[in-house]
Number of protein chains: 2
Amino acid sequence: MATFPTPGTPVRGSRSGKPIMALFDLLGRSWCLGVLWTLCKAGPCTFRDLQTRCESISPTVLNARLKELREAVLVEHAEGGYQATATGHQLFVLLEPLGKWSNSWSKQITGRDWRG
Amino acid sequence: MATFPTPGTPVRGSRSGKPIMALFDLLGRSWCLGVLWTLCKAGPCTFRDLQTRCESISPTVLNARLKELREAVLVEHAEGGYQATATGHQLFVLLEPLGKWSNSWSKQITGRDWRG
DNA sequence: CTCATTGCTACGTATAATGTAGCATTTTTT
DNA sequence: AAAAAATGCTACATTATACGTAGCAATGAG
């Protein structure tokens, strides 16, 4: 069995000084990219919404990621729930192409379309 | 002190079925993005090269990430060392804009330029 | 007042990352 | 060719993270 997450499997973080490496460290924590992606796609979410949308995330980790994302100014806690900041959306715009790309990547690795 | 990695601090992963989430799970492991980035920027590297360039990565984790990245067909082990595959470079092209963005993000958060 | 929902916190267990040591193999130096 | 240095890892103990379940205080609905 694969030791990396084929679509339908598990993951893990890092350390440095350069901005890009600091960003990678942040994004390289469990669920970080998933939470940001979800917030940008779905719009404002309550804590419970996020728990539901991210399926198996534990409240402990969700709370930790939200705190980090808030400190990183990528997410904010407004009335109506958590939402991505302008900065967070900027980042999302850069990440968005990964959505399509991941489908072809998935196909290359698994030999089939996701739900195809 | 911040609980997220301001440029010059530490990081962490996740779980799902959709390709984008699987990709996030992979990229969300410690050092994964950093290793891929390094290989694409620096070209083929030996194990030792990567250890040096990624400063504090432990050989145990480096070995694990390389194995996962190989299974994900993003990296390959050729004569001359490890290098990104065509697929890996495709992904890098999508990630590359994060380099510049991270500098402005860093400035926004820390209030100063990186080494400015 | 009661019950359901929300937003977490606590806590014990399991998994992953760190850091140092060291060994087998290949390469370099003399 | 022998000795020394560099390379590519593996082992192992320690520490840090994540998981998963339980549950509590606060808010809102009935």
So, OP1 or OP2 of C:dT6: does either fall under 4.0 Å of a side-chain N or O from A:Tyr82?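 False: A:Tyr82 side-chain N/O out of range (4.0 Å or more) of C:dT6 OP1/OP2.
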Please tell me if A:Thr46 has a side-chain N or O lying less than 4.0 Å from either OP1 or OP2 of C:dG7.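 Looking at the OP1 and OP2 atoms of C:dG7, one of them is under 4.0 Å from a side-chain N or O of A:Thr46.
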From [options], pick the nucleotide closest to the side chain of [X]?
X: A:Phe47; options: C:dC8, D:dG8, C:dT18; result: C:dC8
X: A:Asn63; options: D:dC9, C:dT18, C:dT9; result: C:dT9
X: B:Thr60; options: D:dG8, C:dA17, D:dA11; result: D:dA11

Test item: B:Trp105 side-chain N/O and A:Leu74 main-chain N/O as donor-acceptor pair under 3.5 Å: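 Such a contact is absent between B:Trp105 side chain and A:Leu74 backbone.
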[atom1] of [X] versus [atom2] of [N]: gap in Å, rounded?
X: B:Gln51; N: D:dT7; atom1: CD; atom2: P; result: 10 Å
X: A:Leu62; N: D:dT21; atom1: CG; atom2: C1'; result: 16 Å
X: A:Glu79; N: C:dT6; atom1: CD; atom2: P; result: 18 Å
X: A:Arg70; N: C:dG7; atom1: CZ; atom2: C1'; result: 11 Å
X: A:Leu50; N: C:dT6; atom1: CG; atom2: P; result: 13 Å
X: B:Ile57; N: C:dA17; atom1: CD1; atom2: C1'; result: 10 Å
X: B:Glu55; N: C:dG19; atom1: CD; atom2: C1'; result: 15 Å
X: B:Asp49; N: D:dA6; atom1: CG; atom2: P; result: 14 Å

Check nucleotides 21-27 of chain C against the protein and report each pair of N or O atoms closer than 3.5 Å, with its distance, or say if there are none.
none

Going by salt bridge (Lys or Arg N to Asp or Glu O under 4.0 Å), name the residues that satisfy it together with A:Lys107, two or more places apart in sequence or in a different chain.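 With sequence neighbours excluded, A:Lys107 shows a salt bridge (Lys or Arg N to Asp or Glu O under 4.0 Å) to A:Asp113, given in chain and number order.
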Expected rows: protein N/O vs nucleotides 25-28 of chain D N/O, under 3.5 Å:
none

List the residues meeting side chain to side chain contact (heavy atoms under 4.5 Å, CB included) with [X], not counting sequence neighbours, and say none if there are none.
X: A:Thr52; result: none
X: A:Pro44; result: A:Gln83
X: A:Thr60; result: A:Ser58

Could you name each residue pair satisfying salt bridge (charged side-chain N to carboxylate O under 4.0 Å, His left out) that touches residues 38-52 of chain A, not counting sequence neighbours?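 Applying salt bridge (charged side-chain N to carboxylate O under 4.0 Å, His left out) to every pair that reaches into residues 38-52 of chain A, excluding sequence neighbours, yields nothing.
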Going by the ring pair (Phe, Tyr, Trp, His ring centres under 6.0 Å) test, which pairs reach into residues 52-79 of chain A, not counting sequence neighbours?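 Qualifying pairs, neighbours excluded: A:His77-A:Tyr82.
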In the structure I gave you, are the side-chain heavy atoms of A:Val35 and A:Val75 within less than 4.5 Å of one another anywhere?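 Answer no - side chains too far apart.
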Return a table of donor-acceptor pairs under 3.5 angstrom between the side chains of residues 87-99 of chain B and protein atoms on other chains or two or more places apart.
{"unit_1": "B:Thr87", "atom_1": "OG1", "unit_2": "A:Gln108", "atom_2": "OE1", "d": "3.1"}
{"unit_1": "B:Thr87", "atom_1": "OG1", "unit_2": "A:Gln108", "atom_2": "NE2", "d": "3.2"}
{"unit_1": "B:Gln90", "atom_1": "OE1", "unit_2": "A:Trp101", "atom_2": "NE1", "d": "3.1"}

With a non-hydrogen cut-off below 4.0 angstrom, is A:Val61 in contact with a base, only sugar-phosphate, or nothing?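 Sugar-phosphate, no base atom in range.
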